[in-house]
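One structure is given here, and the rest of the page talks about it.
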Amino acid sequence: MGTQTKILLDETEMPTKWYNIVADLPEPPPPPLHPGTHQPATGEDFDALFPKALIEQEMSGERFIDIPEEVQEVYKLWRPSPLFRAHRLEKLLDTPARIYYKYEGVSPAGSHKPNTAVPQVWYNAQEGIKKLTTETGAGQWGSSLAFACAQFGIECEIWQVAASYESKPYRKTMMQLWGGEVHPSPSDKTEFGRKLLEEDPKHPGSLGIAISEAVMEAVEDPSTRYALGSVLNHVLLHQTIIGEEALLQLAKVGETPDILVGCTGGGSNFGGLSFPFLREKLAGRMNPTIRCVEPAACPTLTKGEYRYDFGDTAGLTPLMKMHTLGHQFIPEPIHAGGLRYHGMAPLVSHVYDLGLVEATSVPQTACFEAAVQFARSEGIVPAPEPTHAIAAAIDEALKCKETGEEKVILTALCGHGHLDLPAYEKFLSGEITDLDLPEESISESMKSVPVIGE
Ligand SMILES: *Cc1c(COP(=O)(O)O)cnc(C)c1O
């Protein structure tokens, strides 16, 4: 057990392969289905959306996939990312637990999202694609994709959920600075957007709606493809660079985690951190408890159903078997915008269904309280999303204080909150409340979920 605060890796020690958990699962995950026929989707069903290399990764059963050298070169701008031992937080909590966090806020966009944006853009560029469309909620994904597009000379068009387009103007500026074209969603650029604006000119938008708009735009132009920042297998694959590095870093100080907690929106930073550790657990080399932490206002795993559903609101995407609150569910405007998605990654849903990982939910005031403790001890201002994981980590550390157990707790601090200061301002002035989610609103939105096999 080391006492080091910041555990680094040399560039030369950086992992050169992503890890595909599908190769090691006791049961394969259920396949996506064609939205019309309900038959298992084929690679061709995704052709208008993604380049072939990414479709291959999406369906791959291969255990390790090489990270292209050009991608590794861009990764080196901020990777390997540091792993911190939270000595100061431990002291504040007076806990015998040892808390470690992998900090992904060191990337240009300030979160883990560039880990997948860079390879996604690179594979598209290899296949001659000229432009990518996407959606963004809090603006983290849109800015990551715009950054990656600038690296490889590809155009980038982004639909940003209207509510955050208004409330997070600096994310929009970042996207524009990297050359992205940004529209509020719903927008007057697509038929679906125009229909929604007619019904409600002040429509706040949602991730599901913005995905529909970006997909509609991509399928119309053969030199344009669509990029998704979470949920899909290839996205989680790219994010495993986080967990692979963390494994090496913890080994350097002779530690193995007893408990791993990660925030889950679509599941990508959680899958990225936890899947390499789950591999080690399945192989019997360690035995951490692995737990998803989601917002109480968007409790996909803890209150949603495990069913086939669409990834977007208009129902354009293939059907994926996932934990869902229904593709027409519009979550309350909590500040952790990146966690406001109706579904959960099929791979995370599958490992949860198999009982390999656990899930819990936390209301936002508890998250902000944890964030203040974290900022005042560790110094870093966390993005609102990982404050859910911090709250869960603090909870575990306080349990250790009661029992005297010296558990090793690992989490990902998947982004900084420098552009989320308006949310902190509200919290500090006492304006943040917990939004109760009535059961009826879930059962109502579940009615729109297609029934398969009838
Ligand atoms: C997008 C985002 C999330 C949520 O996405 P996941 O796929 O669940 O990781 C969480 N944290 C930050 C900082 C984000 O930008």
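Numbering of ligands and ligand atoms starts at 1, following listing order. Note that the structure is predicted; figures quoted are calculated from it, not measured.
Taking Glu358 as the reference, Arg291 meet the side chain to side chain donor-acceptor pair (under 3.5 Å) condition, with sequence neighbours excluded. Scored by the side chain to side chain donor-acceptor pair (under 3.5 Å) test, Gln364 finds no partners at all (sequence neighbours excluded). Every residue two or more places apart in sequence or in another chain that forms a side chain to side chain donor-acceptor pair (under 3.5 Å) with Glu58 is listed here: His234.
Side-chain contact check for Leu196 versus Phe192: some heavy-atom pair is nearer than 4.5 Å.
Of the possible donor and acceptor atoms, none in the side chain of Ser349 sits under 3.5 Å from a partner among the backbone N and O of Met322.
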Pairs under 3.5 Å, nitrogen or oxygen of ligand 1 with protein nitrogen or oxygen:
residue: ligand 1; atom: 7 (O); partner: Ser230; partner atom: OG; Å: 2.5
residue: ligand 1; atom: 7 (O); partner: Gly267; partner atom: N; Å: 3.4
residue: ligand 1; atom: 7 (O); partner: Ser268; partner atom: N; Å: 2.8
residue: ligand 1; atom: 7 (O); partner: Ser268; partner atom: OG; Å: 2.7
residue: ligand 1; atom: 8 (O); partner: Gly265; partner atom: N; Å: 2.7
residue: ligand 1; atom: 8 (O); partner: Gly266; partner atom: N; Å: 3.0
residue: ligand 1; atom: 8 (O); partner: Gly267; partner atom: N; Å: 2.9
residue: ligand 1; atom: 9 (O); partner: His112; partner atom: NE2; Å: 3.0
residue: ligand 1; atom: 9 (O); partner: Ser268; partner atom: OG; Å: 3.3
residue: ligand 1; atom: 9 (O); partner: Asn269; partner atom: N; Å: 2.9
residue: ligand 1; atom: 9 (O); partner: Asn269; partner atom: ND2; Å: 2.8
residue: ligand 1; atom: 15 (O); partner: Lys113; partner atom: NZ; Å: 2.7

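Note: His183 and Trp159 have tilted aromatic rings, judged against thresholds of 30 and 60 degrees for the angle between ring planes.
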